[in-house]
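What follows is a short report on a single structure.
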There are 2 protein chains.
Amino acid sequence: MVDAAPMISALRDAGYRRTTARGEVARLVAAQDGHFVAADLLSEAARGNTRIGRATVFRTLEAMSDAGVVERIDLPTGDHAYVACEPRHHHHVVCASCGAGQDIDDAGLRRVVRDVARRTGYRVDDHRLELFGSCPRCQAREAAG
Amino acid sequence: MVDAAPMISALRDAGYRRTTARGEVARLVAAQDGHFVAADLLSEAARGNTRIGRATVFRTLEAMSDAGVVERIDLPTGDHAYVACEPRHHHHVVCASCGAGQDIDDAGLRRVVRDVARRTGYRVDDHRLELFGSCPRCQAREAAG
DNA sequence: GTTTTTGCAAACCATTTGCAGGGTC
DNA sequence: GACCCTGCAAATGGTTTGCAAAAAC
């Protein structure tokens, strides 16, 4: 759960114009608790009295991704999802039960990457790490339930 | 580039029946050099005189993924691709130019995962790491060209 | 003989695109 | 006023599904 305002600023900084549609999408994204898919935003927009086109949602998510305020992740199921995040390089832990996500920093991964490059001879330009599991709250729920 | 026979055995071990279609798909997969998408197999099957249905290719890839002989990866572009691989836990480095891939073992990632779990309070059940860059051959080509 | 698997075509569904009207700078 | 953005509806494209025939066990 984050705030919508910084997202909108980030969009502006990235050269995108300020529009009502983008503000709405930002608000919806900010209200998401964990990861979400485009369809979530669409249905929530429809449930509220917001009228936003499918295309606009996708285009805005792309813009936000470009601006670094959301990131597209790939779930173990193969589905694409998005998470709101801080605009810097990082990775995610995602809870498989409730979808709550949390950013994590480099966490020693840099060494892993360098090590792999040395051993394989590849030059590594980009990497992505996704972690899946159970968040503290869901662990407690599991233990209780 | 791997051998088709072990794939077929692995499928059998996983409880799938031995069929000509699966043998063909295994042969096609084995002939792939790096990552590939379902459509690659389809078109190559068509180019040869092999008649295999779209659905069968997808179903066989799913079976192979289940048996652990191929893995579905997500390219930075967001596209889904597959790579032939050994049936144990590991990760991949993929060349962005030519698509050549290579398995890598844990490479110290275990420590990273444990560290993240400790810091976030999440229980981490699963992780995926994808590395993208340039393979030795393409680096040489870059330097030469 | 029973259970799987195949192939085809149709169905699906997320995402993209063309385009005309409207909003932003 | 020039350029960007929106919404709609239609197109796209990868993937899945229903089903009857064929193959594997």
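In what follows, every chain begins at residue 1, and chains take the letters A, B, ... in the order their sequences are listed.
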Note to self: For A:Arg17, give me all partners under salt bridge (charged side-chain N to carboxylate O under 4.0 Å, His left out), at least two apart in sequence or on another chain.
What the structure shows: none
Notebook entry, point to check: In chain order, what residues pass the side-chain contact (heavy atoms from CB on, under 4.5 Å) check against A:Ala81, with sequence neighbours excluded?
Noted result: A:His35, A:Val37, A:Ile73, A:Leu75
Check: Of all residues at least two apart in sequence or in a different chain, which pass the salt bridge (charged side-chain N to carboxylate O under 4.0 Å, His left out) check with A:Arg123?
Finding: A:Asp125, B:Glu142
Notebook entry, point to check: To the nearest angstrom, how far is B:Ile8 atom CD1 from C:dT5 atom C1'?
Noted result: 15 Å
Next item on the list: Output all residues satisfying side-chain contact (heavy atoms from CB on, under 4.5 Å) with A:Arg72, sequence neighbours left out; order by chain, then residue number.
Entry: A:His80, A:Tyr82
Check: So how far off straight is the helix from C:dG1-D:dC25 to C:dC25-D:dG1, going by the axes through five pairs at either end, to 10°?
Finding: 40°
Next item on the list: Verify the cluster assignment for A:Val83 and A:Ile8: are they in a single hydrophobic cluster under the rule of side-chain heavy atoms below 4.5 Å apart?
Entry: no
Next item on the list: If a pair satisfies side-chain hydrogen bond (donor to acceptor under 3.5 Å, both in side chains) and one of its residues is in residues 43-55 of chain A, list it, with sequence neighbours excluded.
Entry: none
Checklist line | By side-chain contact (heavy atoms from CB on, under 4.5 Å) - contacts of B:Arg114 (at least two apart) | finding: B:Arg111
Item checked: Residues which pass side-chain contact (heavy atoms from CB on, under 4.5 Å) with B:Arg137, listed by chain and number, not counting sequence neighbours -> B:Cys135, B:Arg141
Check: Are A:Leu42 and A:Phe36 in one and the same hydrophobic cluster, where Ile, Leu, Val, Met, Phe, Trp and Tyr link if side-chain heavy atoms are under 4.5 Å apart?
Finding: yes
Notebook entry, point to check: In whole angstroms, how far is the C1' atom of D:dC5 from the CG atom of A:Leu61?
Noted result: 15 Å
Item checked: Counterpart residues, side chain to side chain donor-acceptor pair (under 3.5 Å), relative to B:Arg22 (two or more places apart) -> none
Next item on the list: Determine, for nucleotides 9-18 of chain D in 5'-to-3' order, which nucleotides have protein heavy atoms under 4.0 Å from the base (write B), from only the sugar-phosphate (write S), or from neither (write -).
Entry: ------BBBB
Checklist line | Contact letters for nucleotides 20-25 of chain C, in which S counts primed atoms plus P, OP1 and OP2 and B counts the base, heavy atoms under 4.0 Å | finding: ---BBS
Check: Rounded to the Å, how far apart are A:Ile52 CD1 and D:dT6 P?
Finding: 9 Å
Residues 61-69 of chain B side chain polar contacts: donor-acceptor under 3.5 Å, at least two apart:
| residue | atom | partner | partner atom | Å |
| --- | --- | --- | --- | --- |
| B:Asp66 | OD2 | B:Tyr16 | OH | 2.7 |

Next item on the list: Calculate the interatomic distance between A:Arg22 atom CZ and D:dT6 atom C1'; express it in whole Å.
Entry: 9 Å
Checklist line | Length of the line joining B:Asp79:CG and C:dA14:P, which is rounded to integer Å | finding: 17 Å
